[in-house]
There are 2 protein chains.
Amino acid sequence: MPRKSRTSPRREESLTRDRIIDAAVELLDCSGEGGLTFRALSERLATGAGAIYWHIDNKEDLVTAACEAIVARTLETTVEGANPKAAIRALALGVFDAIDAHPWVGSALTRAMGQQPILRIVERIGQQVRQLGGSGDQQWAAASALLHYILGVSGQNAANTQYARTHGLDRSEFLEAMSNTWSQLDPVEYPFARSVTHQLRTHDDRADYLAGIDLILAGIDAHRA
Amino acid sequence: MPRKSRTSPRREESLTRDRIIDAAVELLDCSGEGGLTFRALSERLATGAGAIYWHIDNKEDLVTAACEAIVARTLETTVEGANPKAAIRALALGVFDAIDAHPWVGSALTRAMGQQPILRIVERIGQQVRQLGGSGDQQWAAASALLHYILGVSGQNAANTQYARTHGLDRSEFLEAMSNTWSQLDPVEYPFARSVTHQLRTHDDRADYLAGIDLILAGIDAHRA
DNA sequence: TTTAAGAATGGAACAGTGTTCCATTATCCC
DNA sequence: GGGATAATGGAACACTGTTCCATTCTTAAA
């Protein structure tokens, strides 16, 4: 890795950490997690693997950086809401949509605890939770639950998307097949699963996600009262 | 793969799908996700890779099966609570502890949507949610939020555990370092992160997780009323 | 008891991965 | 100009999951 960024770059088309990260994001977006290889990256950047390693520590470092790029972009464009709750909803949806559009960010964020992308999200959530009031511990609990719910559910949703993609079917056929399987389960052993096959077929992941956020927000109100 | 299990096995020590899965669980438990390789598995079972592939489709199949074994074991030993809410808490803690003890189950479950281990957990949650009453859609929303929260947060926690393990530090030093970093952040840009450094250092993941469950349960009550 | 079929085995080979190493080139400062 | 060093590109390495195949074992029929 270069000690510091040079004042004047070698040439206009010179290999840069940023150029590498951009190429990595493109590869991840169009070919999924498995699509990011140093071979493919070398080819796209018209260079060798060694040159990339001059700017990048290792693959984990690269994916985290790509992740950071998406998160920064997302938090920039997520507008603030009228009140704290609306702002939290907007933020939650922004993260959900970003991870839905870039599924690899879901699993990458899971592995990047304590690093900058997470820190940024925590801060944004926390600033809104603060305005809801409550003791320091209550604020911690609220922010913690929200963060984990947001990362957890968004990541789960992204994993489902990728699972369907990998196995070559789209969301609706996947849910249709799953619903059919569930409806044929043993009624004694699986009464609940059988009872929700209709919701399984017709539900909206994004709406359910938001409903969960509202559930937590309602819980925060109830606990503070 | 063998068509069906043979009536009389070749010999007492014969290679079985179950024996392979058991060995896989052991490897995953003591060496983490990266520790499960067909080389290590072959050595432990004193056989070759080809013999394993006779019983197992591929690595994904193997990990899912290992996951299923842990989930089944967990749901068996998780006792039921006095009332629905207590039962949900007990179940949530059971899953959390199981994933905490076998961190690889967290990411494996994330990738196994719609398969049997998930189905079993859904059913257990749903049966308790049902007893809380509410409309079918409300039950779906509640079960969905709980399932995603449980899987998401437990998985997140497991990822943290593995991250610390991989980077060779234990939980407390990891949190200590993170807390120090956060306390030195810019006060204008990161007021919330700075304000929770104490909670970050001293918090209990398991307690926070349970607090989140209670938040959701409180939200369910509030929504139904 | 012999025999043919097929279940099961173990290990060699293959394509692909992340990473390291190194000879070579470009750029800057004196 | 001439070092010194930043930066490059590609060959080599150790490792992975998976496939292939010659060989062994087990079973059921002849």
Side-chain angles (χ1 to χ4, degrees), chain A residues 1-24 27-28 31-67 104 107-108 111-112 166-167, chain B residues 1-25 27-28 31-67 104 107-108 111 166-167:
Chain A
M1 279 223 305
R3 299 275 172 76
K4 46 169 66 177
S5 61
R6 307 178 63 78
T7 50
S8 64
R10 160 177 288 234
R11 51 184 148 101
E12 198 56 36
E13 291 291 304
S14 119
L15 204 56
T16 318
R17 186 165 218 268
D18 285 342
R19 248 168 52 80
I20 296 174
I21 292 170
D22 284 350
L27 276 175
L28 286 164
S31 313
E33 302 204 58
L36 176 62
T37 68
F38 281 82
R39 306 288 201 271
L41 204 53
S42 301
E43 195 173 359
R44 180 168 284 237
L45 292 168
T47 181
I52 294 175
Y53 271 90
W54 178 261
H55 300 272
I56 290 295
D57 278 349
N58 49 39
K59 190 172 183 179
E60 188 185 333
D61 176 35
L62 177 57
V63 173
T64 303
C67 197
W104 51 274
S107 49
R111 285 181 249 110
T166 305
H167 292 69
Chain B
M1 279 219 305
R3 299 276 170 77
K4 45 169 67 179
S5 60
R6 308 177 63 77
T7 49
S8 64
R10 164 177 285 233
R11 51 184 147 101
E12 198 55 38
E13 292 290 304
S14 118
L15 203 54
T16 318
R17 186 164 216 268
D18 284 342
R19 247 168 53 82
I20 295 174
I21 292 171
D22 284 349
V25 168
L27 274 176
L28 285 164
S31 313
E33 303 205 56
L36 177 62
T37 68
F38 281 82
R39 307 287 201 271
L41 204 53
S42 300
E43 196 173 0
R44 181 170 283 238
L45 292 168
T47 179
I52 294 175
Y53 272 89
W54 178 261
H55 300 271
I56 291 295
D57 278 349
N58 49 37
K59 191 172 181 179
E60 189 186 332
D61 175 36
L62 177 57
V63 173
T64 303
C67 196
W104 52 274
S107 49
R111 286 180 249 112
T166 306
H167 291 69

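Note that the structure is a prediction, hence the values are computed from the model and not measured. Within every chain, numbering begins at 1; the chains are lettered A, B, ... in the order of the sequence lines, protein sequences first and strands thereafter.
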| said: Tell me every residue that passes side chain to side chain contact (heavy atoms under 4.5 Å, CB included) with A/Ala49, counting only those two or more places apart in sequence or in another chain. | reply: A/Ser42

| task | For B/Glu43, enumerate each residue passing the salt bridge (Lys or Arg N to Asp or Glu O under 4.0 Å) test, keeping only those at least two apart in sequence or located in another chain. | result | none

| query | B/Leu41 CG to D/dT18 P: how many Å, rounded? | reply | 12 Å

| query | How many Å lie between CD1 on A/Ile56 and P on D/dT8, as a whole number? | reply | 12 Å

| task | Output the distance between atom NZ (B/Lys59) and atom CG (B/Asp61), rounded to the nearest 0.5 Å. | result | 13.0 Å

| field | For B/Arg39, salt bridge (Lys or Arg N to Asp or Glu O under 4.0 Å) partners two or more places apart | value | none

| request: Report the distance from atom CD1 of A/Ile52 to atom P of D/dG10, rounded to the nearest whole Å. | output: 11 Å

| query | Given atom CD of B/Glu33 and atom P of D/dG17, what is their separation to the nearest angstrom? | reply | 12 Å

| task | Take the protein atom CG of A/Leu15 and the nucleotide atom C1' of C/dA26, then report the distance between them rounded to whole Å. | result | 14 Å

| task | Take atom CH2 of A/Trp54 and atom P of C/dT27, then tell me their distance rounded to the nearest Å. | result | 15 Å

| query | Mind checking what makes side chain to side chain contact (heavy atoms under 4.5 Å, CB included) contact with A/Leu28, not counting sequence neighbours? | reply | A/Leu36, A/Ala66, A/Trp104

| query | Would A/Arg111 and B/Glu33 satisfy salt bridge (Lys or Arg N to Asp or Glu O under 4.0 Å), going step by step from the backbone distance to the final call? | reply | CA-CA 13 Å; A/Arg111 285 181 249 110; B/Glu33 303 205 56; over 6 Å; no

| query | Within less than 4.0 Å of OP1 or OP2 of C/dT9, is there a side-chain N or O belonging to B/His55? | reply | yes

Using a cut-off of under 3.5 Å, enumerate the N/O to N/O pairs linking the protein to nucleotides 18-21 of chain C.
from, atom 1, to, atom 2, distance (Å)
C/dG18, OP1, A/Leu36, O, 3.3
C/dG18, OP1, A/Lys59, NZ, 2.6
C/dG18, OP2, A/Phe38, N, 3.0
C/dG18, N7, A/Arg39, NH1, 3.2
C/dG18, O6, A/Arg39, NH2, 3.2
C/dT19, OP2, A/Tyr53, OH, 2.5
C/dT19, OP2, A/Lys59, N, 2.9
C/dT19, O5', A/Tyr53, OH, 2.9

